[in-house]
> 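Right, I'll just put the structure down here and ask away after.
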Amino acid sequence: MKTGASEISLLGISFEKYLTHAQISEAVKQVAVKINTDYAGREVKFVSVLNGAFMFTSDLLKHITVACTVTFIRAKSYHGMESQGSVSLVTDLSENLKGKEVIILEDIVDTGLTMQKLFERIEKDEPASLKICTLLLKPDTYKGDRNIDYTALSIPNDFIVGYGLDYNELGRNLPDIYKVKP
Ligand code: 5GP
C-alpha cells in the first residue's frame, strides 16, 4: 500500500481517493476555530474515541487555543464494512468527568449508536456540559435525535478508510481518506 496513491487495495478490496489530507486539515482547523470561540475562557476535557479518532484528535488539538486536557475511551461496533448493531466499550474512561466541560471526539457518526452509548456512559459522571465533535458525519444514515454539535465534514453513505479509520484494522495510517470502489 502506497500512502498518497489515488487508488489503494486492502485485503483485495479497492478504494479510491475521496478527501485529500489538505481538505481534511482545513476542515479540522475550521472546527477547532469554532470550539475556541465557543469555549473562550473555559477549560475543555476532550474524550477521544479510540481507535478511529487518534489522528483527528492529534491534528485538532494542535489548533486548540483554550485550556484543555485529553483522555481516551475505546469503543467497537464495526467488523469489516458492517456495523454489528451493538456497541461495546472495550476500554472505559480512566478518570471521573464530574463537573468537566466535556467534548467527545469521534472519527465518524454513522447510525449514531456509538455516540448514544458514549453519551449514556459519560452522563453518568455528571459533567458540567457534554458535546460531540465528529470528523465525519453520514447524515443519510444518522438515526439519532441528538444534535451533532461540531462536524468537520459531511459525507454520503459510502464505506471509507484512512486518516485513522480502518478496514479490518488496516488503512488507519493513510493521510488521505478513501472510499470503497463501487
Ligand atoms: P455508528 O455507531 O454511528 O453507526 O458508527 C460509528 C462507528 O462505526 C465509528 O466510530 C467507526 O468505527 C465505524 N464506522 C462507521 N462508518 C464507517 C466507515 O465508513 N468506515 C469505517 N472505517 N468505519 C466506520
Side-chain angles (χ1 to χ4, degrees), residues 1 3-21 23-24 27-28 31 46-61 70-93 102-123 130-182:
M1 177 178 47
T3 59
S6 59
E7 280 192 23
I8 54 153
S9 171
L10 297 172
L11 301 172
I13 307 281
S14 298
F15 294 85
E16 59 194 9
K17 197 179 280 188
Y18 177 57
L19 292 165
T20 65
H21 189 73
Q23 288 172 308
I24 301 164
V28 169
V31 113
F46 289 106
V47 175
S48 172
V49 185
L50 296 173
N51 294 339
F54 76 93
M55 211 176 271
F56 173 45
T57 302
S58 166
D59 287 346
L60 180 88
L61 262 64
V70 60
T71 192
F72 299 89
I73 194 164
R74 191 159 171 224
K76 192 164 178 65
S77 66
Y78 257 57
H79 184 71
M81 293 192 203
E82 299 295 326
S83 169
Q84 292 171 324
S86 66
V87 184
S88 50
L89 294 182
V90 185
T91 311
D92 199 1
L93 292 164
V102 176
I103 302 179
I104 301 170
L105 297 181
E106 259 278 35
D107 53 352
I108 185 163
V109 173
D110 182 0
T111 61
L113 214 68
T114 306
M115 188 184 86
Q116 181 62 31
K117 181 95 176 177
L118 291 164
F119 264 85
E120 284 166 13
R121 165 62 190 90
I122 294 170
E123 273 165 353
L130 179 57
K131 288 192 179 182
I132 175 123
C133 173
T134 185
L135 172 69
L136 300 159
L137 170 67
K138 290 182 181 170
D140 298 342
T141 49
Y142 180 59
K143 296 190 186 76
D145 44 20
R146 267 177 214 275
N147 180 38
I148 314 288
D149 304 284
Y150 303 100
T151 302
L153 294 156
S154 289
I155 60 166
N157 184 23
D158 293 309
F159 184 80
I160 53 135
V161 294
Y163 196 74
L165 289 104
D166 73 307
Y167 173 52
N168 281 345
E169 294 303 323
L170 292 171
R172 294 194 195 276
N173 55 313
L174 296 162
D176 306 295
I177 287 179
Y178 292 78
K179 69 175 179 183
V180 69
K181 278 185 84 172

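Both counts, for ligands and for their atoms, begin at 1 and track the order of listing. Every heavy atom of this structure was used, including side-chain atoms; hydrogens, water molecules and symmetry mates were not.
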> So for ligand 1, is Tyr167 a polar contact partner (N or O within less than 3.5 Å, distance only)?
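Not met; the criterion fails.
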> Which of the atoms in ligand 1, numbered in the order shown and given with their element, are less than 4.0 Å from a heavy-atom of Thr111?
1 (P), 2 (O), 3 (O), 4 (O)
> Would the distance check show the side chain of Gln23 and the main-chain N or O of Thr20 forming a donor-acceptor pair, the cut-off being under 3.5 Å?
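It does hold such a pair.
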> Using a 4.0 Å cut-off to any heavy atom of Asp166, which atoms of ligand 1 qualify?
21 (C), 22 (N)
> Under a plain distance cut-off of 3.5 Å, with no hydrogens placed, do Thr141 and Asp110 share a side-chain donor-acceptor pair?
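Yes.
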> Determine the sole option in Leu136, Asp107, Asn173, Asp59 for which the side chain to side chain contact (heavy atoms under 4.5 Å, CB included) test with Tyr163 is passed.
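By the side chain to side chain contact (heavy atoms under 4.5 Å, CB included) criterion, Tyr163 pairs with just one of Leu136, Asp107, Asn173, Asp59: Asp59.
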> Are more than 12 heavy atoms, taken from residues, nucleotides or ligands other than Asn157, located less than 6.0 Å from that residue's CG atom?
yes
> Under 4.0 Å from a heavy atom of Phe159: which atoms of ligand 1 are those, numbered in the order shown and with their elements?
18 (C), 19 (O), 20 (N), 21 (C), 22 (N)
> Is the shortest distance from a heavy atom of Asp107 to ligand 1 less than 4.0 Å?
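Contact present.
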> So, 4.0 Å and heavy atoms of Val161: is ligand 1 close enough to count as a contact?
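Under 4.0 Å: no for Val161.
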> Of all the heavy atoms in Gly112, does at least one lie under 4.0 Å from an atom in ligand 1?
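Contact present.
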> Does Ile160 reach ligand 1 with a nitrogen or oxygen that is under 3.5 Å from one of the ligand's nitrogen or oxygen atoms?
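Such a contact does occur with ligand 1.
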> Salt bridge between Arg146 and Glu123, side-chain N to carboxylate O under 4.0 Å?
yes
> Does Glu106 approach ligand 1 within less than 4.0 angstrom via side chain, backbone, both or neither, non-hydrogen atoms only?
side chain
> Does the side chain of Asp176 come under 3.5 Å of the side chain of Tyr18 through a donor N or O and an acceptor N or O?
no
> For ligand 1, which atoms sit closer than 4.0 Å to a heavy atom of Asp158?
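Here the atoms of ligand 1 in question are 19 (O).
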> Quick one: does ligand 1 sit under 4.0 Å from the side chain of Val49, the backbone, both or neither, non-hydrogen atoms only?
neither
> Check whether any side-chain N or O of Ser88 sits under 3.5 Å from a backbone N or O of Val90 as a donor-acceptor pair, and report yes or no.
no
> When you measure from atom 5 (O) of ligand 1 to each heavy atom in Asp110, Ile155, Leu113, which option holds the nearest one?
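Residue with the shortest heavy-atom distance to the ligand atom: Asp110.
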> Consider ligand 1: state whether an atom of it lies below 4.0 angstrom from any non-hydrogen atom of Thr141.
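Contact absent.
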> Backbone or side chain, does any N or O of Met115 fall under 3.5 Å from an N or O of ligand 1?
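N/O-N/O distance under 3.5 Å: no.
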> Answer with yes or no whether Lys138 contacts ligand 1, where contact means a heavy atom under 4.0 Å from a ligand atom.
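Lys138: in contact with ligand 1 (<4.0 Å).
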> In terms of ring plane angle, is the pair Phe15 and Tyr167 parallel, tilted or perpendicular, where the classes change at 30° and 60°?
tilted
> Should Asp92 and Arg121 count as an ion pair when the cut-off is N to O under 4.0 Å?
yes
> Judged by atom type as modelled, is there a donor-acceptor pair below 3.5 Å linking the side chain of Ser58 to the main-chain atoms of Phe54?
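Such a contact is absent between Ser58 side chain and Phe54 backbone.
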